[in-house]
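From a predicted model like this one, the values you see are computed outputs, not experimental measurements.
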Amino acid sequence: MTTLTYSQLLTQIQPRPIQSPTDYEAMLSQLERLMEIEESQLSDEEASMLELLAMLIEDYETKTNPMPNTASPHDVLDELVAAHQLRQKDLLDIFGSKGIASEVFNRKRGISKTQAKALGQRFNLPPSVFL
């Protein structure tokens, strides 16, 4: 098996920014072909090409399938309360009063570290989810 130079690999594969699903499939196919080579048999040139293709593919995937925005602490609380069929009054032991609970649920007040810790224990989640 003859090892190709990097220039030859560039000519053969012709990597470029991926603009369409067809381009994506073509680059993915080339990446998979290189990944089939035993790591110990992979030339430095092929390893560089593999890395380049991975970056191009990752860039395209990020642009076409962006990660959803992470939920805010209030969004998480709202979802958990709904999922567990709870009401504000069910969490008064955590918030201490109706007024504070109301302000948190109406997003007029943030969730304190103490409340986040208590919510984490209540819902079996890390407190950081609520901060």
Side-chain angles (χ1 to χ4, degrees):
M1 180 160 105
T2 307
T3 301
L4 299 176
T5 66
Y6 192 72
S7 295
Q8 291 170 322
L9 283 170
L10 285 170
T11 301
Q12 178 184 357
I13 297 174
Q14 298 181 2
R16 61 189 170 280
I18 300 171
Q19 303 295 326
S20 70
T22 304
D23 292 346
Y24 173 74
E25 291 299 325
M27 291 298 122
L28 199 55
S29 174
Q30 292 294 336
L31 176 79
E32 289 169 351
R33 186 182 61 76
L34 287 170
M35 289 180 73
E36 288 175 0
I37 300 171
E38 185 70 35
E39 192 171 345
S40 63
Q41 302 298 312
L42 202 62
S43 70
D44 290 342
E45 292 81 2
E46 291 166 329
S48 292
M49 180 59 65
L50 195 144
E51 186 176 349
L52 175 61
L53 292 173
M55 287 188 301
L56 291 170
I57 290 166
E58 181 180 2
D59 180 62
Y60 178 77
E61 289 174 344
T62 300
K63 288 177 182 172
T64 57
N65 301 312
M67 293 294 289
N69 292 334
T70 56
S72 75
H74 289 93
D75 292 337
V76 172
L77 180 59
D78 290 345
E79 286 297 318
L80 288 168
V81 166
H84 292 270
Q85 298 178 343
L86 299 172
R87 294 180 299 201
Q88 287 182 27
K89 72 177 190 170
D90 297 322
L91 297 175
L92 289 182
D93 59 317
I94 292 172
F95 294 110
S97 74
K98 284 185 191 179
I100 293 173
S102 179
E103 287 178 355
V104 169
F105 278 92
N106 289 317
R107 300 170 188 253
K108 293 179 180 174
R109 178 189 285 250
I111 298 170
S112 73
K113 289 180 184 178
T114 303
Q115 293 163 347
K117 186 176 178 183
L119 287 166
Q121 289 174 346
R122 175 79 173 254
F123 294 110
N124 199 27
L125 291 169
S128 60
V129 169
F130 300 101
L131 296 174

Exercise. Without swapping roles, check the side chain of Asp90 against the backbone of Leu86 for a donor-acceptor pair under 3.5 Å.
Key: no
Quiz item: Near Met35 CE, under 6.0 Å, is it more than 12 heavy atoms from other residues, nucleotides or ligands?
Solution: no
Quiz prompt | Between CG on residue Leu131 and CD on residue Gln115, distance to nearest 0.5 Å | solution = 10.0 Å
Self-check item: Nearest-0.5 Å distance that lies between atom CD in Glu45 and atom CG in Leu10
Solution: 10.5 Å
Quiz prompt | Single-linkage hydrophobic cluster, 4.5 Å side-chain cutoff, Val104 and Leu92 together | solution = no
Quiz item: With a 4.5 Å heavy-atom cut-off, do Leu56 and Arg16 have their side chains touching?
Solution: no
Quiz prompt | Leu125 reachable from Val81 in the ILVMFWY side-chain graph, under 4.5 Å edges | solution = yes
Quiz item: Any side-chain heavy-atom pair from Leu80 and Phe130 closer than 4.5 angstrom?
Solution: yes
Practice problem: Taking only Lys NZ, Arg NE, NH1 and NH2, and the carboxylate oxygens of Asp or Glu, determine whether Arg107 and Asp78 approach each other closer than 4.0 Å. | Solution: yes
Self-check item: CG on Leu34 to CE on Met49, rounded to 0.5 Å
Solution: 7.5 Å
Quiz item: At what distance, to the nearest 0.5 angstrom, does CD1 of Ile18 lie from CG of Leu53?
Solution: 8.0 Å
Quiz item: Can any side-chain N or O of Ser48 pair as donor or acceptor with the backbone N or O of Asp44 at less than 3.5 Å?
Solution: yes
Practice problem: Kindly indicate, with the supporting measurements, whether the criterion side chain to side chain donor-acceptor pair (under 3.5 Å) is fulfilled by Asp75 and Ser72. | Solution: CA-CA 5 Å; Asp75 292 337; Ser72 75; 3.2 Å; yes
Quiz item: When you check the gap from the basic side-chain N to the acidic O, do Arg109 and Glu103 get nearer than 4.0 Å?
Solution: yes
Quiz prompt | Stepwise side chain to side chain contact (heavy atoms under 4.5 Å, CB included) check, Gln12 with Leu9 | solution = CA-CA 5 Å; Gln12 178 184 357; Leu9 283 170; 4.2 Å; yes
Practice problem: Could you give me the CA-CA distance, side-chain angles and deciding distance for Thr22 and Glu25, then say whether side chain to side chain donor-acceptor pair (under 3.5 Å) is met? | Solution: CA-CA 5 Å; Thr22 304; Glu25 291 299 325; over 6 Å; no
Quiz item: Where do Tyr24 and Glu61 land on the side chain to side chain donor-acceptor pair (under 3.5 Å) test, with the steps shown first?
Solution: CA-CA 9 Å; Tyr24 173 74; Glu61 289 174 344; 2.5 Å; yes
Self-check item: Exam field: side chain Glu46 to backbone Ser43, donor-acceptor pair closer than 3.5 Å
Solution: yes
Quiz item: Atom CG of Leu77 and atom CG of Leu91: how far apart are they, to the nearest 0.5 Å?
Solution: 6.5 Å
Quiz item: Sub-3.5 Å donor-acceptor pair from the side chain of Gln121 to the main-chain atoms of Ala118, do we have one?
Solution: no
Quiz prompt | Any side-chain heavy-atom pair of Pro127 and Lys113 under 4.5 Å | solution = no
Quiz prompt | Glu32 side-chain N/O to Ser29 backbone N/O, donor-acceptor pair under 3.5 Å | solution = no
Practice problem: Answer whether the closest heavy-atom distance between the side chains of Thr114 and Lys117 falls below 4.5 Å. | Solution: no
Quiz item: Mind checking whether Phe123 and His84 have parallel, tilted or perpendicular rings, split at 30° and 60°?
Solution: tilted
Practice problem: Mind listing the closest non-hydrogen atom pair of Asp23 and Pro17 along with its distance? | Solution: OD2-O, 4.5 Å
Practice problem: Could you go through the side chain to side chain contact (heavy atoms under 4.5 Å, CB included) check for Gln30 and Arg33 one step at a time? | Solution: CA-CA 5 Å; Gln30 292 294 336; Arg33 186 182 61 76; 3.2 Å; yes
Quiz item: If we only count heavy atoms from C-beta on, is the Ile100 to Phe105 side-chain gap below 4.5 Å?
Solution: no
Quiz item: Picking from Val76, Leu119, Ile94, Val129, what satisfies side-chain contact (heavy atoms from CB on, under 4.5 Å) with Ile111?
Solution: Leu119
Self-check item: Check: Asp59 side chain, Met55 main-chain N or O, donor-acceptor pair, under 3.5 Å
Solution: no
